[in-house]
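Report on one structure; see the data block that follows.
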Amino acid sequence: MKQKDEKNQSQSDRALKIIPVTLLVFALCGLSFYLGGIFCSEKSLLEGKIVQELSKAVSSPEYSAENALQIKSVTFSECSIDYQDYTPCTDPRRWKKYGYRRLTFLERHCPPLYERKECLVPPPVGYKPPIRWPKSRKECWYRNVPYDWINKQKSNQNWLKKKGEKFLFPGGGTMFPKGVGAYVNLMQDLIPEMRDGTVRTAIDTGCGVASWGGDLLDRGILTLSLAPRDNHEAQVQFALERGIPAILGVISTQRLPFPSSSFDMAHCSRCLIPWTEFGGIYLLEVHRILRPGGFWVLSGPPINYEHRYQGWNTTIEEQRAALEKLQDLLTSMCFTVYATQDDIAVWQKSSDIGCYEKLTGPDVYPATCDDSIEPDAAWYTPLRPCVISPRQKLKRSSVGSLPKWPQRLNIAPERISDVPGGSGNALKRDDSKWKMRAQHYKKILPAIGTDKIRNVMDMNTVYGGLAAALIDNPLWVMNVVSSYSANTLPVVFDRGLVGTYHDWCEAFSTYPRTYDLLHLDGLFAAESHRCHMKYVLLEMDRILRPEGHALIQESSYFMDAIETIAKGMRWNCHKEDTENSGEKEKILVCQKTLWYASSTNSTR
């Protein structure tokens, strides 16, 4: 507040001026508080009433078509062709808004509601239906993933080669230019557990075009390939175009969206992650998601530095120091050297609780996490500079103590007891239900089980029941567990399946056109009070391949509204009965049409 001629003012004059202003401020604040209280209470009452009425409508035994949710017909315009590879939560157009330290700009940063796109993402010019599995592992259409940068930069390492209208995948990589087969053969010699079903789930950080994960599929190991959206353009998109499990992600400041003790094996082949920087916090995240007794495999700097350092533009002394620092960090986290040969080094995470008890001193780094740190919290959860200690009560959850694959798929894991109502009998009932449903799904969608469907997403699984029921089919399933539901994802991983946490109020961490089949079971009944149906369906359209399918098993209350929006997205849908032929739930069987962008009807 400005004050003029203060010397000539008396204290009483100033007081007289201040008192009315003060009273006015208090009066305005009081009025604002009163009106705000009315608005918020009314808003809360209204929201509560909507949720209450919705629950009644969905669960009412007297449900009839007359009280179903109805919405007006809608038509969605096309997005600009510039959005053909739009990834809303990892959008390069928004990177400059976020920091570059520790590559935080590559993490998930979803647009606010007022910036969300309400248009249909077009395919690239010349897009064709993907080549079918297993031929797709070796080749894909260039126009489906039209990235020249990765071809020019990596073709000398046999990542991929462009030939005519196709990209070919020779199976090479930066550390295995002569082929991934020989590389994995050596790895299996070093880790015999990779041959007998002991190792089932793996994660490949910095996956390239996912040749390592693709090779392991034939060896009974299910690998989730992980890479950010970065200057390598579309590593994850190449992986999924080939029919290999993959997801966008980066180890930066947030935990990866997986529970603790998820993977039997983790792999880094010159993935350029600075493992020893920032106190080894990236290694601590690998430690968290790796199962006790699990293996961490590293090839590339500083491994085999004596023979490789000159090609890395460094000195032998620098690489020796880097390896010593890495080894010291790994030892401090209860890793032990398991095997080394040529370019491959393997460490094993200890299952011995005695090692972790030594990390409790006041001057120890890294120390074990205290009880306030939830090991499985992994949805926008910051990385923690501490070691997650194995739970002593779990006796059959480490690598080597779990049943071997495929037996582990059908044996109730220990961690199911952490789920409210979870038990061995609950798992058996769930599996029986999904076996029946899978048979019914094949009747109403005969493409399931054929080479037309390879990449499948179960958008709101519980125990991975659909994936288990389809395990003998030529497909793989991304099992998604809501970040707001019961934490059942550890059970999914313990069974030898893969998945991720996600909140369907936001976009999924993948490229457009990456899944052949999307399945959901009661998602809108569970989440409609939080997530707008329109945006969930538009996201499904973004990630579904043209000519791909959606199976939407949902309360009959929502069916007409879903079908209306689907029609506006150019999907062809029809209703089917559930396996029980009840009226409370129906199945909407949809197919996304193949269309191309028109220059006269597109929006940004």
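Numbering starts at 1 and runs along the sequence shown. Fair warning: this is a prediction, and the values are worked out from it, not measured in the lab. Side chains included, hydrogens not; waters and symmetry mates left out as well; all remaining heavy atoms used.
With salt bridges taken as basic N to acidic carboxylate O contacts below 4.0 Å, one links D196 and K404. Ion pairing between K435 and D430 fails under the 4.0 Å rule for side-chain N and carboxylate O. Using a 4.0 Å cut-off between a side-chain N of Lys or Arg and a carboxylate O of Asp or Glu, D343 and R270 do not qualify as a salt bridge. The pair D264-R200 fails the salt-bridge criterion, with no side-chain N (NZ, NE, NH1 or NH2) lying under 4.0 Å from an Asp/Glu carboxylate O.
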Note to self: Show, in sequence, the C-alpha distance, side-chain angles and deciding distance for R415 and L394, and conclude whether the side-chain contact (heavy atoms from CB on, under 4.5 Å) test is met.
What the structure shows: CA-CA 8 Å; R415 291 197 283 183; L394 299 179; 4.0 Å; yes
Next item on the list: Go through the steps to decide whether E107 and T253 satisfy the test side chain to side chain donor-acceptor pair (under 3.5 Å), and finish with yes or no.
Entry: CA-CA 8 Å; E107 293 185 304; T253 67; 2.7 Å; yes
Note to self: Determine whether D516 and R545 satisfy the following criterion, salt bridge (charged side-chain N to carboxylate O under 4.0 Å, His left out), listing intermediate values before the conclusion.
What the structure shows: CA-CA 6 Å; D516 301 298; R545 286 172 167 171; 2.8 Å; yes
Next item on the list: Please lay out, stage by stage, how D541 and R513 fare under the test salt bridge (charged side-chain N to carboxylate O under 4.0 Å, His left out).
Entry: CA-CA 8 Å; D541 180 79; R513 305 172 302 280; over 6 Å; no
Margin query: Evaluate T223 against T201 for side-chain contact (heavy atoms from CB on, under 4.5 Å), listing each step before the verdict.
Written below: CA-CA 6 Å; T223 302; T201 58; over 6 Å; no
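Taking 4.5 Å as the limit, some side-chain heavy atom of L518 sits within range of a side-chain heavy atom of I543. Inter-residue side-chain proximity for N460 and D521 is flagged as met; some heavy-atom pair is nearer than 4.5 Å. Between K358 and V364, every side-chain heavy-atom pair lies at or beyond the 4.5 Å cut-off. With contacts defined as side-chain heavy-atom distances shorter than 4.5 Å, the pair M187/H267 qualifies. Residues L497 and V477 are not in side-chain contact: their nearest non-hydrogen atoms beyond the backbone lie 4.5 Å or more apart. Side-chain contact between R291 and S260 is absent, with no heavy-atom pair separated by less than 4.5 Å. Proximity of Y441 to L551: side-chain heavy atoms (C-beta onward) are separated by under 4.5 Å at one or more points. Residues P413 and R408 form no side-chain contact, since every pair of their non-hydrogen atoms from C-beta on lies 4.5 Å or further apart.
With rounding to the nearest 0.5 angstrom, the OH atom of Y535 is 6.5 Å from the NE2 atom of H532. Atoms CE and CD, on M533 and E527 in that order, are 12.5 Å from each other to the nearest 0.5 Å. In this structure, L290 CG and M333 CE are separated by 12.5 Å, a value rounded to the nearest 0.5 Å. Between atom CD1 of residue I444 and atom CD1 of residue I587 there is a gap of 4.0 Å, rounded to the nearest 0.5 Å. Rounding to the nearest 0.5 Å gives a distance of 5.0 Å between CG of L588 and CD1 of I552. Distance check: S350 OG to L330 CG gives 13.0 Å after rounding to the nearest 0.5 Å.
Judged purely by distance below 3.5 Å, without hydrogens or angles, the side chains of Q237 and T514 never pair a donor atom with an acceptor atom. E585 and T578 form no side-chain donor-acceptor contact under 3.5 Å, judged by distance and modelled atom types alone. Looking only at atom types and distance, the side chain of S509 has a donor-acceptor partner in the side chain of R108 under 3.5 Å away. Using a 3.5 Å distance cut-off with no hydrogens or angles, the side chains of Y183 and S299 do pair a donor with an acceptor. D376 and N487 share a side-chain donor-acceptor pair at under 3.5 Å. Side-chain N/O atoms of R229 and T87 include a donor and acceptor closer than 3.5 Å. Side-chain N/O atoms of Y356 and Q392 include no donor and acceptor closer than 3.5 Å. Side chains of S372 and D370: a donor-acceptor N/O pair is present below 3.5 angstrom, by distance only.
Here the closest non-hydrogen pair linking A468 and D431 is CB-OD1, 4.4 Å. The minimum heavy-atom distance linking V236 with A246 is given by the pair CG1-CB, 3.9 Å. W476 approaches Y515 most closely through the heavy-atom pair CH2-OH, 3.6 Å. Shortest non-hydrogen contact noted between L523 and E554 is N-OE1, 3.1 Å. Between G293 and V399, the shortest heavy-atom contact is O-CB, 3.4 Å. In terms of heavy atoms, T368 sits closest to C386 at C-CB, 4.1 Å.
Taking the ring centre of Y484 as origin, the terminal cationic atom of R530 falls inside the region bounded by 6.0 Å and 45° from the ring axis. Note that R437 lies in the cation-pi zone of W434, set by a 6.0 Å cut-off to the ring centre and a 45° limit from the axis. Both the sub-6.0 Å distance and the 45° axial angle are satisfied by R102 relative to the ring of F278. Both the sub-6.0 Å distance and the 45° axial angle are satisfied by R242 relative to the ring of F169.
Taking the six-membered ring where the residue is Trp, H287 and F335 present perpendicular rings, their angle passing 60° and hence far from 30°. Relative orientation of the Y98 and H109 rings is parallel, given thresholds of 30° and 60° on the angle between their planes. The aromatic rings of W504 and F508 sit parallel, their planes meeting at an angle under 30°, below the 60° perpendicular limit.
Judged by distance alone, the side chain of T461 and the main-chain N or O of D458 form no donor-acceptor pair under 3.5 Å. Remark: the backbone N or O of H440 is not paired with any side-chain donor or acceptor of E579 at under 3.5 angstrom. R255 contributes a side-chain N or O that, together with a main-chain N or O of A377, makes up a donor-acceptor pair within less than 3.5 Å. Within the 3.5 Å criterion, the main-chain N or O of S483 finds no donor-acceptor partner in the side chain of D503. Judged by distance alone, with hydrogens and angles left aside, the side-chain atoms of N410 form no donor-acceptor pair with the main-chain N or O of Q407 at under 3.5 Å. In this structure a side-chain-to-backbone donor-acceptor pair under 3.5 Å is present from Q235 to G208. Under the 3.5 Å distance criterion, the side-chain polar atoms of T450 are matched with a main-chain donor or acceptor of K452. In this structure a side-chain-to-backbone donor-acceptor pair under 3.5 Å is missing from S555 to F558. Without hydrogens or angle criteria, S417 side chain to E414 main chain gives a donor-acceptor distance under 3.5 Å. With hydrogens and angles ignored, the 3.5 Å screen pairs a side-chain donor or acceptor of R542 with a backbone N or O of T510.
In summary, the aromatic rings of W296 and W275 are positioned with their centroids under 6.0 Å apart. Ring centers of F258 and F263: under 6.0 Å apart, within the cut-off.
The environment of K433 atom NZ is dense: over 12 non-hydrogen atoms of other residues, nucleotides or ligands sit within 6.0 angstrom.
In this structure, the side-chain contact (heavy atoms from CB on, under 4.5 Å) partners of V184, at least two apart in sequence or on a different chain, are V180, Q188, M194, W212, D215, L216, R219.
Residue pairs meeting the disulfide (SG to SG under 2.5 Å) criterion with at least one member in residues 451-520, sequence neighbours excluded, are C505-C531.
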